[in-house]
K.L.:
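Before I ask anything, here is the structure I am working with.
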Amino acid sequence: MSLNYKGQNLFIDNTSIKGIAKKNITPFYVYSYKKIKNNFETFYNYFKKVSPLVCFSVKSNSNVSILAELGKLGSGADVVSEGELLKALKARISPKKIVFSGVGKTDNELKLAIRKKVLLINVESESEALLINKISRKMNRVTQIGIRLNPNVDANTLSKISTGKLDSKFGLPSKNFLKFCKSSKNLKNIKISAISVHIGSQITSVAPYKRTLNAIRKIIRLSQINFDYVDLGGGFGIQYKNKDKKIDIKKYSYLVEKFQKETNCKIIFEPGRYIVGNTGALISKIVFIKKNGNKYFVILNAGMNDFMRPALYNAIHEIVSVFKSKKRISGKIEFVGPICESTDTFLKYKNFPYVKEGDYIAITNVGAYGSTLSSNYNTRPLASEVIVKKGKIKIIRKRQKITEII
Ligand code: LLP
């Protein structure tokens with residue numbers, strides 16, 4: 001992450017977190033623009049040789065200011081709902097750079113996407129393609145679609161975020177894919193322009209991607225369709241802890257270059273976590289500290305409604321103190337939220353720099369699926385979001401007012 005200590009104080013890109021915390025109600029999300037830019041450019045440069053269209057996956061972070069910054073860097077958007085589509089458009093991302101994914105798009109969502117002429121609607125069922133054809137006929141349009149292939153590939157990631165196996169609800173298995181390509185020939189208001197895939201998230205090895213490329217090759221060969229685009233999805237894993245395995249994107253890029261030469265299709269990617277995951281921290285204040293049995297409970301004012309990943313996936317997000325004391329507390333220490341559920345817990349430590357009530361801590365690497373997964377559970381308002389850009393602090397989402405949710 002872009003957090004580092006200067007002396008005993010925690011900084012994000014040379015800006016003191018304590019300084020930001022004094023001016024904002026905790027909990028709040030803080031992001032580093034520099035890191036977002038750097039991640040986007042790093043990702044693009046890996047695949048530079050194939051000049052891909054990178055469609056940032058909006059579900060990972062849908063803050064309109066962040067989308068606008070990514071848009072300025074050249075990013076498109078991968079959206080999955082009317083709301084995400086409208087946010088991407090508000091961020092001035094061109095519809096020509098927007099792909100619309102999702103298994104259950106509604107009539108209204110499809111109408112909007114067709115009317116706005118998004119680059120691709122990635123279709124996940126035969127019925128959806130028929131509906132797009134019907135709506136497009138009424139609008140006197142021919143709509144470009146991609147068909148999402150379910151390549152039956154195990155992404156070797158958490159089962160809860162795995163999407164590429166036949167037993168998952170996503171995409172069309174290759175048999176159905178090929179059958180549909182044949183039967184859709186008389187659907188005059190859709191054009192099958194792309195194959196799309198997305199096999200899962202937080203993937204840390206190249207092997208499942210390689211198997212997916214092979215599954216796509218097979219479809220291209222058997223369908224005998226000249227696809228304009230191949231949308232390879234997202235899923236690139238990041239290091240949450242220093243010890244975590246790092247995905248070798250360079251190695252994957254060679255495979256993609258070879259694939260692109262053979263097929264001559266324009267390549268699309270839909271990364272989310274890789275672009276924003278390590279760019280944000282959730283800053284929270286310690287409300288109380290108490291000792292139950294032999295364990296210290298450090299009770300924060302951030303809860304699972306603000307940041308859900310530990311409760312939902314047992315995800316590990318390191319916690320660091322905003323002022324790092326030279327003394328340490330040893331013994332069992334558990335950081336928990338204020339919510340009335342035992343899953344409202346963040347992380348346990350065996351020792352930690354000494355902290356006291358009223359101090360600030362930062363939960364790290366929460367830029368992806370942090371604020372987007374937050375909720376109003378326990379009638380708690382959504383936290384604010386702040387970005388640090390070139391030494392300036394900008395509020396990019398105000399804290400929700402309690403009156404808005406009553
Ligand atoms: N494209 C499609 C069609 C997707 O479904 C997803 C994520 C992405 C792209 C972006 O994947 P990424 O590059 O971020 O891995 N809430 C979970 C992750 C769910 C991912 C859902 N789909 C988590 O917090 O780990």
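Atoms within a ligand are numbered from 1 in the order they appear, just like the ligands themselves. In this chain, numbering begins with 1 at the start of the sequence shown.
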K.L.:
What atoms of ligand 1 come within less than 4.0 Å of a heavy atom belonging to G272?
P.N.:
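Checking each atom against G272, I get 12 (P), 13 (O), 14 (O).
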K.L.:
Should S201 be counted as touching ligand 1, given the test is an N or O pair under 3.5 Å?
P.N.:
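Yes, at least one N or O pair falls under 3.5 Å.
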K.L.:
Should one rank K59, M308, E270 by closest heavy-atom distance to atom 4 (C) of ligand 1, which comes out on top?
P.N.:
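Nearest heavy atom to atom 4 (C) of ligand 1 lies in K59.
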K.L.:
Taking all non-hydrogen atoms of both residues into account, name the closest pair between V287 and L300 and its distance.
P.N.:
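Reported closest heavy-atom pair: CG2-C, 3.7 Å.
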K.L.:
How close do K97 and C55 get, heavy atom to heavy atom, and via which atoms?
P.N.:
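In terms of heavy atoms, the two residues are closest at O-SG, 3.4 Å.
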K.L.:
Among the heavy atoms of P271, does any lie under 4.0 Å from an atom of ligand 1?
P.N.:
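Under 4.0 Å: yes for P271.
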K.L.:
With heavy-atom distances below 4.0 Å as the criterion, list the atoms of ligand 1 near R148.
P.N.:
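In order of numbering, the contacting atoms are 3 (C).
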K.L.:
Please find the pair of heavy atoms, one from S51 and one from K266, that lie closest to each other, and give the distance.
P.N.:
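In terms of heavy atoms, the two residues are closest at O-NZ, 3.0 Å.
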K.L.:
Taking the six-membered ring of Y296 as reference, does the cationic atom of K332 (NZ for Lys, CZ for Arg) lie under 6.0 Å from its centre and within 45° of its axis?
P.N.:
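The answer is no; the distance or angle limit is not met.
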K.L.:
Please list all pairs passing the ring pair (Phe, Tyr, Trp, His ring centres under 6.0 Å) test where one or both residues lie in residues 357-380, with sequence neighbours left out.
P.N.:
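Listed by first then second residue: nothing to list.
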K.L.:
Of all the heavy-atom pairs spanning R211 and N156, show the shortest one and how long it is.
P.N.:
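Where R211 meets N156 most closely, the heavy atoms are NH2-ND2, 4.2 Å.
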K.L.:
Considering only heavy atoms of R273, which atoms of ligand 1 have at least one such atom less than 4.0 Å away?
P.N.:
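Within the 4.0 Å cut-off of R273, ligand 1 contributes 12 (P), 13 (O), 14 (O), 18 (C), 23 (C), 25 (O).
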K.L.:
Answer yes or no for G235: is there a heavy-atom contact with ligand 1 below 4.0 Å?
P.N.:
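Yes, G235 has a heavy atom closer than 4.0 Å to ligand 1.
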K.L.:
Using a 4.0 Å heavy-atom cut-off, which part of Y313 comes near ligand 1: side chain, backbone, both, or neither?
P.N.:
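For Y313, the contact with ligand 1 is made by the side chain alone.
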K.L.:
Do we see a donor-acceptor contact under 3.5 Å between the side chains of N39 and N278?
P.N.:
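Side chains of N39 and N278: pair found under 3.5 Å.
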K.L.:
Is D78 touching ligand 1 with its side chain, its backbone, both, or neither, if touching means heavy atoms under 4.0 Å apart?
P.N.:
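For D78, the contact with ligand 1 is made by the side chain alone.
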K.L.:
Which atoms of ligand 1 have any heavy atom of R309 under 4.0 Å away?
P.N.:
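With R309 as reference, the close atoms of ligand 1 come out as 23 (C), 24 (O), 25 (O).
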